[in-house]
Amino acid sequence: MNRSDQPWDSSAPEEPLLGGDVTVGVVRSGDTVRRPRSASSERVRALLTHLERVGFAGAPRFLGVDDRDRDVITFMEGEVAGRPAPEWVASDDRAMSVARLLRSYHDAVASFGVPAVFDDAAPALPEGAPEPVPVPLELIGHRDVTLENVVFRDGVASALIDFDLARASSRVEDVSNMLQWWAPWQPVEDRAEVLKGVDAFARAAKMLDAYGLDAGSRPMLVPVARNAAERTWHTMKLRAERDGGGWRRMWEEGVGDAIRRRQSWLQENEEALVRAVM
Ligand SMILES: Nc1ncnc2c1ncn2[C@@H]1O[C@H](COP(=O)(O)OP(=O)(O)O)[C@@H](O)[C@H]1O
Ligand SMILES: [Mg+2]
C-alpha cells in the first residue's frame, strides 16, 4: 500500500458507501475508503495513528490524503447494518460483542490521553442546554456507537468506524451512548423494526457485564444518558442551523422530536433502568 507522503491516486473505480447520516461522499475504492476532509480530519488522523501504534485492530488505519483532498483509510471487511436494520442487530450475542469491542477500544485509547488536537473538539454549549454531568475526561471516546458504525465479522463486532465525533470523554459516557443504540434505550416507536421486541433492560445488563463496567461507574449511567439526551437536542438544533447538510435534513425529519421522546422514555423508565444496570 501507498504510505509515502505523495497523495493517493483516485483513478480506480469507486463505489458509494451509504448508510451514514452526515458525511456526503464516502466511497470505497479497492481496499480503501475515501472521506472528504472535514473539521475532524486532523483529530481522527491522530487517533487512528495512535490506535495503529498500540496494535488495535478494531479501527481503520489512516493511510493518507488523496489527490482529491479526501482522507484515505482502510476498508474494514465485514457486515455493517444498513437501513432498515437487518435481523441480526437483535442478537444479544452481537450486542455483547459490541460491548467487548468498545471495551477493547477504551483500553487501547487510554494511553493516547487527551492530546491538544482535541482541545476544540467539544462544541460550545448551546444556549439553554444543561451543563454536562461531571465525569472524568479520561480518554478520547468514540461517542457515536450507532448500528451503522460497527463492522462485524463472523457474527462478532470487529471494528468501530466513523470517529468524527470522537473527543475527550469518559468510559461511562461512551457506554451510555452504545446502550442508546444497541440496548436500545429508546421508546419502542422510534426503534429499528427488528429491535422493537427487545428487552432493553435485560440486554443493557448483559452488555454491561460483557464490557466489564465497574460497580462504581454504574450509578452514573442513567444520569449520563438523561443529560446526554437533553444536551443532544440542543446540539443537534445548533448543528442543523449552523452546519446545515445532513444535520438540517435530520432535524427536518424530526430528530428533535425523537430526542424529546427518548428523554421522556428515560424519565419514565428511570427506576427500571437503574435496577437493570446495577
Ligand atoms: N473504513 C470503513 N470500512 C468499512 N465500511 C466503511 C468504512 N467507512 C465507512 N464505511 C461504510 O460507510 C458508511 C458511512 O460511513 P461513515 O464513516 O459512518 O459516515 P457518516 O459520517 O455519514 O456516518 C458506514 O455506515 C459503513 O457502512
Ligand atoms: Mg456513520
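All of these numbers come straight from a predicted model, not from anything done at the bench. If you read the sequence from its start, that first residue is 1, and numbering goes on from there. Ligands are counted one by one from 1 in listed order, and the atoms in each one are counted from 1 as well.
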For [X], the ligand 1 atoms whose distance to one of its heavy atoms is below 4.0 Å:
X      : value
Ile73  : 1 (N)
Asn149 : 18 (O)
Val33  : 1 (N), 2 (C), 7 (C), 8 (N)
Glu148 : 24 (C), 25 (O)

Quiz item: When the aromatic ring centroids of Phe163 and Tyr105 are compared, is their separation below 6.0 Å?
Solution: yes

Exercise. Would you please indicate if the ring centroids of His50 and Phe56 are separated by under 6.0 Å?
Key: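 So the answer is no for these two rings.
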
Exercise. Step through the shown structure and confirm whether more than 12 heavy atoms of other residues, nucleotides or ligands are within 6.0 Å of CZ on Arg153.
Key: no

Practice problem: Work out the angle at the Mg ion (ligand 2) between OD2 of Asp162 and OD1 of Asn149, rounded to 10°. | Solution: 90°

Practice problem: Would you check if the Mg ion (ligand 2) lies under 2.8 Å from any N, O or S atom of Asp144? | Solution: no

Quiz item: Does the shortest distance from the Mg ion (ligand 2) to an N/O/S atom of Thr146 fall below 2.8 Å?
Solution: no

Quiz prompt | Pairs flagged by salt bridge (Lys or Arg N to Asp or Glu O under 4.0 Å) wherever residues 101-123 is involved - sequence neighbours left out | solution = Arg43-Asp120, Arg103-Asp107, Asp107-Arg171

Practice problem: Can you measure from CZ (Arg68) to CZ (Arg34) and round to the nearest 0.5 angstrom? | Solution: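 Answer for the CZ-CZ pair, Arg68 versus Arg34, is 9.0 Å.
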
Quiz item: Does some non-hydrogen atom of Thr74 fall short of 4.0 Å from ligand 1?
Solution: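 Checking ligand 1 against Thr74, which is what was asked, there is a heavy-atom contact under 4.0 Å.
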
Quiz item: So is Val24 in contact with ligand 1, going by heavy-atom distances below 4.0 Å?
Solution: no

Quiz item: Is Arg35 touching ligand 1 with its side chain, its backbone, both, or neither, if touching means heavy atoms under 4.0 Å apart?
Solution: side chain

Quiz item: Can you check whether Ala228's main-chain N or O pairs, donor with acceptor, with Thr232's side chain at less than 3.5 Å?
Solution: yes

Self-check item: Main-chain N/O of Val135 paired to Ser170 side chain as donor or acceptor, under 3.5 Å
Solution: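 Here the side-chain-to-backbone pair does not exist.
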
Quiz item: For Val80, is at least one N or O under 3.5 Å away from an N or O on ligand 1?
Solution: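 Looking only at distances, the answer is no, because the N/O contact criterion of under 3.5 Å is not met.
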
Quiz item: In a check of side chain to side chain donor-acceptor pair (under 3.5 Å) between Lys206 and each of Asp199, Asp93, Asp92, which one passes?
Solution: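 Running side chain to side chain donor-acceptor pair (under 3.5 Å) over Asp199, Asp93, Asp92 with Lys206 returns exactly one hit, Asp92.
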
